[in-house]
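To start, the structure under review is shown below, and the notes come after it.
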Amino acid sequence: MAHHRITVLPGDGTGREVTTEALKLLKTVEENSPISFEITEIPCGGQYYLETGKEWPTGSFEHCRDNSDAILLGAIGWPGAMKPNGDLAGGQVILGLRSGLDLYANVRPIKLYNGIQHKIHGEFKQVWSPGLVDMTIIRENTEGLYQPLLSRSAHLAKGEEYIEISDIEIPGVVGEFAWDPRPISRIGSERVIRFGFELASQRSGCPSDGTSRVSCIDKSNVTRGCQLFRSIYHEIAAEYPDINTDEAYIDAFTMWLIRQPEFYDVVVVPNMFGDIITDLASTLQGGMGMAASANIGDNHMLFEPVHGSTPKRAGKGQVNPIAMLSSVQLMLEWLGHRKEDADALLAAQIVESAIEELISIGSPLTYDLGGSASTSEVSSAVCKLVKKHLSSHYASV
Ligand code: IPM
Ligand code: MN
């Protein structure tokens, strides 16, 4: 019987609310399948920092590193929660885990389910067609503008020395300035781009005509880091002759993404550009309430909804739990693959069909999808369907 150690980090605001619903779903899976979970919940984030002066209890990083098969995170970030040095309070949790556990691929599926209405001009309409939006954006997750030590130090390394940033002269820049270096390395690029090609080899291609394609999105007409990223993309692409290549600059890509999402299968993109385009791309799937993600490294993995802590909705029980429930689905899928657990793979499929079924029925759904149900009503409806499908499966075997 498969046993999975899950570390749960509820974090801030609505992250905590959707985490409660994720735990409900894990309990449903556990009660209706042979899978068992050992769950450790650790408080953390900006609100915890404001209360305690710490981002999370001592030893939490080590627990995530040494005692977890997977980590499930709600959301990090709270108004006013900033450390004296200007760092996001809670940043150690999310950015520290991404870099500290080497979670180099941030996997963000963009899939539009049948029945989703898009909120455009304040009204709900169907704009994009289900079946024609199904891509996965792979965001580089440990380098670029998020490189934690460099951006924190406000110093520039030169050989062994560190030069005070104020001693550097940059043409056209006068007076006080801030500096966010954006390192992009060969190794960092190779592994995440290869991850994209491997994923494309397993998927069934882009929705328009089934062509397998990896699109490289960058700003290589201007920046050196992106030039390296693009040239490594070509090197890796040569190893995968059956997968089509496609290249675009990030600015033009934002237009193509909205105009012809059916063209995209797998997209690889440097860190900060990936942060921005995945929020934009979530519009195609019904908004941030639908956007799930997996942070994957060779030895560790962390799952989280893409949305933040949504302070203005926090405490009201209104937000859409589906992004989190789909993140649990991704977690079950990855646990299934990595630990060769067929039950977890099946549970992942059942969670996805339950979400699809609920959306096609159209109720109960939260405000962002045109409904008026609460967070917990939606997740209870998903859990009920999951229970039904799991129990009928295990009754018949
Ligand atoms: C995300 C978030 C994070 C990021 C924040 C909370 C640091 O926006 O996961 O997309 O920028 O990566
Ligand atoms: Mn983001």
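Position 1 is the first residue of the sequence, and the numbers go up from there.
Within 6.0 Å of the NZ atom in K27, the count of heavy atoms belonging to other residues, nucleotides or ligands does not exceed 12. Other residues, nucleotides and ligands contribute only 12 or fewer heavy atoms inside 6.0 Å of the NZ atom of K312. Heavy atoms of other residues, nucleotides or ligands lying less than 6.0 angstrom from NZ of K219 number more than 12. Applying the 6.0 Å contact sphere to CD of E340 captures no more than 12 heavy atoms from other residues, nucleotides or ligands. Within 6.0 Å of the CD1 atom in I170, the count of heavy atoms belonging to other residues, nucleotides or ligands exceeds 12.
The backbone N or O of A323 lies less than 3.5 Å from no partner atom in the side chain of S326, so there is not a single donor-acceptor pair. Checking side-chain atoms of D12 against main-chain N and O of Q47 turns up a donor-acceptor pair under 3.5 Å. Looking at T52, its side chain does come within 3.5 Å of a backbone N or O of K54 through a donor-acceptor pair. For N141 (side chain) and L103 (main-chain N/O), a donor-acceptor pair under 3.5 Å exists by modelled atom type. When atom types are taken as modelled, the side chain of S396 and the backbone of H393 share a donor-acceptor pair closer than 3.5 angstrom. For the pair S68 (side chain) and R65 (backbone), a donor-acceptor distance under 3.5 Å is absent. When atom types are taken as modelled, the side chain of R16 and the backbone of G11 share a donor-acceptor pair closer than 3.5 angstrom.
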Next item on the list: Start with the C-alpha distance between I110 and V133, add both sets of side-chain angles, then the distance that settles side-chain contact (heavy atoms from CB on, under 4.5 Å), and finish with yes or no.
Entry: CA-CA 7 Å; I110 311 293; V133 179; 4.0 Å; yes
Notebook entry, point to check: So D279 and M288, side-chain contact (heavy atoms from CB on, under 4.5 Å) or not? Walk me through it.
Noted result: CA-CA 7 Å; D279 275 28; M288 293 294 274; 3.1 Å; yes
Next item on the list: Determine, step by step, whether T142 and R191 satisfy the side-chain hydrogen bond (donor to acceptor under 3.5 Å, both in side chains) criterion, reporting the C-alpha distance in whole Å, the side-chain angles of both residues, the deciding distance to 0.1 Å, and the verdict.
Entry: CA-CA 11 Å; T142 58; R191 61 186 186 177; 3.3 Å; yes
Next item on the list: Apply the test side-chain contact (heavy atoms from CB on, under 4.5 Å) to residues F195 and V268: give CA-CA distance (whole Å), side-chain angles for both, the deciding distance (0.1 Å), then the verdict.
Entry: CA-CA 9 Å; F195 188 101; V268 292; over 6 Å; no
Checklist line | Candidate pair S215 and W256, rule side-chain contact (heavy atoms from CB on, under 4.5 Å), full reasoning | finding: CA-CA 12 Å; S215 303; W256 295 119; over 6 Å; no
Checklist line | Check against side-chain hydrogen bond (donor to acceptor under 3.5 Å, both in side chains), R139 and S293 | finding: CA-CA 10 Å; R139 164 186 176 189; S293 78; over 6 Å; no
Next item on the list: List the steps, then state whether salt bridge (charged side-chain N to carboxylate O under 4.0 Å, His left out) holds for R194 with E239.
Entry: CA-CA 9 Å; R194 183 166 281 112; E239 297 172 25; 2.7 Å; yes
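Using a 4.5 Å cut-off on side-chain heavy atoms (C-beta onward), I359 and L365 make contact. Within the 4.5 Å cutoff, side-chain heavy atoms of I184 are placed close to those of S189. P57 has its side chain within reach of I42: a pair of non-hydrogen atoms, C-beta onward, lies under 4.5 Å apart. For the pair L369/I116, a side-chain contact is recorded, criterion being any heavy-atom separation below 4.5 Å from C-beta on. T20 places none of its side-chain heavy atoms less than 4.5 Å from the side chain of P10. Contact annotation: the side chain of T223 approaches that of R182 to within less than 4.5 Å [non-hydrogen atoms, C-beta and beyond]. In this structure, L257 and M135 have side chains that are in contact, with non-hydrogen atoms separated by less than 4.5 Å. Using a 4.5 Å heavy-atom cutoff, the side chains of H234 and E247 are in contact.
For the 3.5 Å distance criterion, the side chains of D298 and Y104 qualify, holding a donor opposite an acceptor. In this model, a donor atom of one side chain and an acceptor atom of the other lie less than 3.5 Å apart for D341 and H4. In the model, E198 has a side-chain atom that pairs as donor or acceptor with a side-chain atom of Y240 under 3.5 Å. Residues D246 and Y264 bring no donor and acceptor atom of their side chains to less than 3.5 Å of each other.
Going from atom OH of Y113 over to atom CD of Q285 covers 8.5 Å, rounded to the nearest 0.5 Å. Taking CD from E17 and OG1 from T375, the interatomic distance works out to 5.5 Å, rounded to the nearest 0.5 Å. The CD atom of E30 sits 11.0 Å away from the CG atom of L23 when rounded to the nearest 0.5 Å. In this structure, the separation between CD on Q349 and CD on E333 is 8.5 Å, given to the nearest 0.5 Å. Taken from CG in L26 to OG in S36, the straight-line distance is 11.5 Å, to the nearest 0.5 Å. Here the straight-line distance linking atom CG of L330 with atom OG1 of T136 works out to 8.5 Å at 0.5 Å rounding.
Using bins of under 30°, 30° to 60° and over 60° for the plane-to-plane angle, the ring pair H118/W128 lands in the perpendicular bin. Using cut-offs of 30° and 60° for the angle between ring planes, the Y233 and F197 rings count as tilted.
For R203 and D134, the salt-bridge test passes: some basic side-chain N is under 4.0 Å from an acidic carboxylate O. We find that K24 and E21 are joined by a salt bridge, their nearest charged nitrogen and carboxylate oxygen being less than 4.0 Å apart. Here D218 pairs with R230 in a salt bridge; the nearest charged N to carboxylate O distance falls below 4.0 Å. Ion pairing of K83 with E55 is present here, as a side-chain N (NZ or NE/NH1/NH2) and a carboxylate O approach within less than 4.0 Å.
Closest approach of T7 and C64 over heavy atoms only: CG2-SG, 4.0 Å. Between L332 and A348, the shortest heavy-atom distance links the atoms CB-CB, 3.8 Å.
For the pairing with Y367, the side chain to side chain donor-acceptor pair (under 3.5 Å) check across Q318, R313, K119 returns one residue only, R313. Among M301, M331, R338, R5, the one residue that satisfies the side chain to side chain contact (heavy atoms under 4.5 Å, CB included) test with D69 is R5. Looking at N32, I350, L346 one by one, the single match for side chain to side chain contact (heavy atoms under 4.5 Å, CB included) with H389 turns out to be I350. If you run side chain to side chain contact (heavy atoms under 4.5 Å, CB included) between H300 and each of N295, L97, L101, I71, only L101 comes through.
Hydrophobic clustering (ILVMFWY, side-chain heavy atoms < 4.5 Å, transitive): Y249 and V222 are in distinct clusters. In terms of hydrophobic clustering, with Ile, Leu, Val, Met, Phe, Trp and Tyr side chains grouped at heavy-atom distances under 4.5 Å, I361 and I322 are assigned to different clusters. A single hydrophobic cluster is seen to contain both I243 and I137, as judged by linkage of ILVMFWY side chains at heavy-atom distances under 4.5 Å, directly or through other members. With hydrophobic clusters built from ILVMFWY side chains whose heavy atoms lie under 4.5 angstrom apart, V214 shares a cluster with I250. At a threshold of 4.5 Å between side-chain heavy atoms, the hydrophobic network of Ile, Leu, Val, Met, Phe, Trp and Tyr places F263 and V269 in one connected group.
Remark: P311 pairs with W78, P79, S309 by the side chain to side chain contact (heavy atoms under 4.5 Å, CB included) rule, at least two apart or across chains.
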